[in-house]
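Read the structure below first, then the notes.
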Amino acid sequence: MNPALLSLFVVLPLTAAALLVVVRRPALDRGLMVGIPALVTAAAIYLLFEHRETPVLAHNIGGFPGGVSIPLVSDTFSALMIAVTSLTTTVTMAFLTRTGEDRYRFVPSLALMLTAGVNGAFLTGDLFNLFVFVEVMLLPSYALIAVTGTWRRLGIGRLFVVVNLLTSTILLIGVGLVYATAGTVNLAELVGRAAEDPRVGLAISVVLLALAIKAAVAPTHGWLPRAYPATSAGIMALFSAVHTKVALYGIYRIYSSTYDGQAPWAPILAIAVVATILIGSYSTFGEHIMRRALAWQMVAGVGHILLGLALFSEFALAAGIFYMIHHIVTMGALLLASGAIEQTYGSGRYERLAGLARRDKWVAVIYAFALLSLVGLPPSTGFFAKIGLLQASADAGGWKQWVFIATVLIAAVATLLAMQRLWSGVFWGPAMENYRPEASHGGRDRRVPLPRDLRVTWQLASPAAFLVGLQLVFFVLAGALIPIALRAADDLMTLQPYVEAVLG
Amino acid sequence: MILPITIGVLVAGGVFLIVQRGMVRIIFGLALLSHAANLLLLATGVSAFRGEPLANVTAVEAAADPLPQAFVLTAIVIALAVTIFMLTLAVIGHNDDTKHMPHTGEFHDR
């Protein structure tokens with residue numbers, strides 16, 4: 001493939017977003033909103049096959065020589081991330097068209113702009129451009145968080161904007177410091193520099209700190225479980241698939257290429273990771289609303305993903321990357337299933353919902369499989385993801401071995417118990433008596449008796465069903481998927497092809 | 001020495017304002033912080049060289065480093081856009097620290 005085509009991953013969604021601002025046709029909105037991410041998914045899967053022969057594809061935009069230009073680089077890791085996030089985005093967009101949120105002004109354009117920023121952040125080989133693409137991703141999110149969800153969206157929107165703008169400023173300061181100390185912000189030129197020069201190492205640490213806040217690593221995780229549940233389920237699923245994952249991708253990429261091995265502050269990372277996993281899974285107990293509990297599980301998932309980086313071996317990185325794929329798909333399924341229930345019955349509170357296992361059998365089945373995956377029981381990708389992390393921890397030896405294995409197991413048990421509360425509250429118990437119907441002027445109306453024939457419609461449940469099915473396919477085809485994760489980890493360990501492709 | 005001191009003062013003022021309660025104060029704090037970040041970026045290009053970075057116009061020894069200038073230009077635009085959006089959020093709706101619901105005609109379980 002001609003590497004110049006890589007820029008299409010950014011250009012195509014942006015152009016479509018611009019088109020949708022000018023032309024407002026419901027059919028066009030829906031078509032492009034679902035079609036463009038689907039197209040990106042197909043292209044990324046094609047890239048994955050391409051990378052079996054050529055491990056790294058790089059394009060210097062404008063044809064400037066390497067080192068001066070802005071590079072777009074694709075290797076197995078970035079192609080894998082684009083494929084999984086775009087696929088989840090496609091399904092989420094389909095869900096948004098089912099709930100009618102695509103009819104809100106500018107939502108289709110904003111969602112496509114978000115996609116453009118995400119793809120750019122995955123492909124860029126330049127720290128400053130990473131900052132720019134992260135901003136391209138965040139600016140539409142600020143608007144998206146403020147247009148959907150409950151009345152709390154505005155207050156929460158402020159929290160989300162303030163946290164992210166502050167973090168972006170820290171990221172910008174970090175990039176400036178990297179430029180001051182290393183004289184370049186090109187990732188290929190920064191390979192191994194943080195290990196050689198402690199000043200560059202410190203500057204890179206500032207960049208990583210900013211990304212860690214964006215990824216919601218403890219002790220800076222507090223904004224995520226407050227901000228995300230206030231927006232609607234569809235938008236939350238979109239955010240959960242892309243936002244923290246872009247930050248985690250950035251941490252994986254920058255850490256492994258600049259330090260060329262473990263950073264001197266690796267023990268601090270290990271402590272933060274353990275704290276994130278434990279805090280995330282324990283805090284799930286305290287919630288009485290489905291999506292709030294899931295938001296805490298997202299925090300725990302961030303910890304699990306970074307565990308691969310804290311261990312830092314090729315197998316551990318592959319385990320972390322596999323966990324990331326599992327987490328994106330499973331979280332998407334759970335959030336969309338919760339969204340379907342909320343959309344139908346007007347509430348996500350455990351005590352407002354009851355007896356759904358009898359009422360909506362198929363939704364209960366979908367939710368059960370997704371929960372199994374979240375906890376890590378077979379048949380699910382979560383099973384292989386947790387096994388991978390445990391095995392990688394066992395290989396580490398010493399105190400790390402015991403601490404990490406204990407953390408993952410305690411977190412799994414805590415998740416199981418917390419999710420049993422959700423299950424018995426929402427799916428078991430006596431039949432529901434009343435609900436809040438959708439109001440004609442937006443939002444929800446007063447509580448009325450529940451009609452006998454009201455069910456979660458198949459249109460609303462099918463996106464979640466698709467993701468649960470996908471996750472089962474991943475479970476069956478794990479043998480084909482794990483080599484891809486291993487190759488992605490190899491990209492992070494063997495940096496020579498990356499440098500050669502970018503600098504020529 | 002003036003540049004680092006200015007950056008330090010801006011950061012101190014920004015942090016002080018961000019930890020306050022009102023949204024407008026937070027916005028001013030973030031504005032100060034982004035000014036600090038912009039000055040820091042400019043400082044990375046060594047402020048002693050400040051000729052236009054154009055070939056055939058300025059001698060290479062006197063020309064400024066164009067890259068930090070490009071960085072700052074991008075960062076200013078982003079900070080401007082987000083500041084306007086935050087000011088809008090500060091104007092519409094208040095009371096996010098209390099449980100008081102605005103009268104929108106909607107009923108929610110949260």
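The figures that follow rest on heavy atoms only: side chains count, while hydrogens, waters and symmetry mates do not. Numbered from 1 within each chain, the chains take letters A, B, ... in sequence-line order.
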Straight-line distance of B:L32 CG to A:T169 OG1, nearest 0.5 Å: 11.0 Å

Check each atom of B:L33 against the heavy atoms of chain A and say whether the ones under 4.5 Å are side chain, backbone, both or neither. both

Count the heavy-atom pairs under 4.5 Å between each of B:I18, B:I78, B:T83 and chain A, then report the option with the highest count. B:I78

Please flag which part of A:I170 lies under 4.5 Å from any non-hydrogen atom of chain B: side chain, backbone, both or neither. neither

Taking the inter-plane angle between the rings of A:Y142 and B:F85 on a 0 to 90° scale, is it parallel (under 30°), tilted (30 to 60°) or perpendicular (over 60°)? parallel

Say whether, by atom type as modelled, one donor and one acceptor occur between the side chain of A:R158 and the main chain of B:L89 under 3.5 angstrom. yes

For chain B, which residues from residues 200-208 of chain A lie under 4.5 Å away (heavy-atom distances)? none

Any idea which heavy atoms bring B:L41 and A:G176 closest together, and the distance? CD2-CA, 3.3 Å

Do you know which two heavy atoms are closest between A:L172 and B:A75, and how far apart they sit? CD2-CB, 3.4 Å

Which of A:N164, A:V175, A:L165, A:V161 touches chain B most, by non-hydrogen pairs under 4.5 Å: A:L165

Which one wins on heavy-atom pair count under 4.5 Å against chain A: B:D65, B:I26, B:V72? B:D65

Taking atom CD1 of A:I70 as the centre, report whether more than 12 heavy atoms of other residues, nucleotides or ligands fall under 6.0 Å from it. no

Approximate separation, where rounding is to 0.5 Å, of A:I173 CD1 and B:L39 CG: 10.5 Å

Report yes if the side chains of A:F128 and B:L67 come closer than 4.5 Å at any heavy-atom pair, otherwise no. no

Surrounding CD1 of B:I2 (heavy atoms of other residues, nucleotides or ligands, distance under 6.0 Å), is the total greater than 12? no

For B:M23 and A:V162, what are the C-alpha separation, side-chain angles and deciding distance, and is it a side-chain contact (heavy atoms from CB on, under 4.5 Å)? CA-CA 9 Å; B:M23 185 63 185; A:V162 168; 3.9 Å; yes

Among B:G29, B:A36, B:G14, B:A37, the residue with the most heavy-atom pairs under 4.5 Å to chain A is B:A37

Run A:V185 and B:F71 through side-chain contact (heavy atoms from CB on, under 4.5 Å) and show every step you take. CA-CA 11 Å; A:V185 287; B:F71 288 176; 3.8 Å; yes

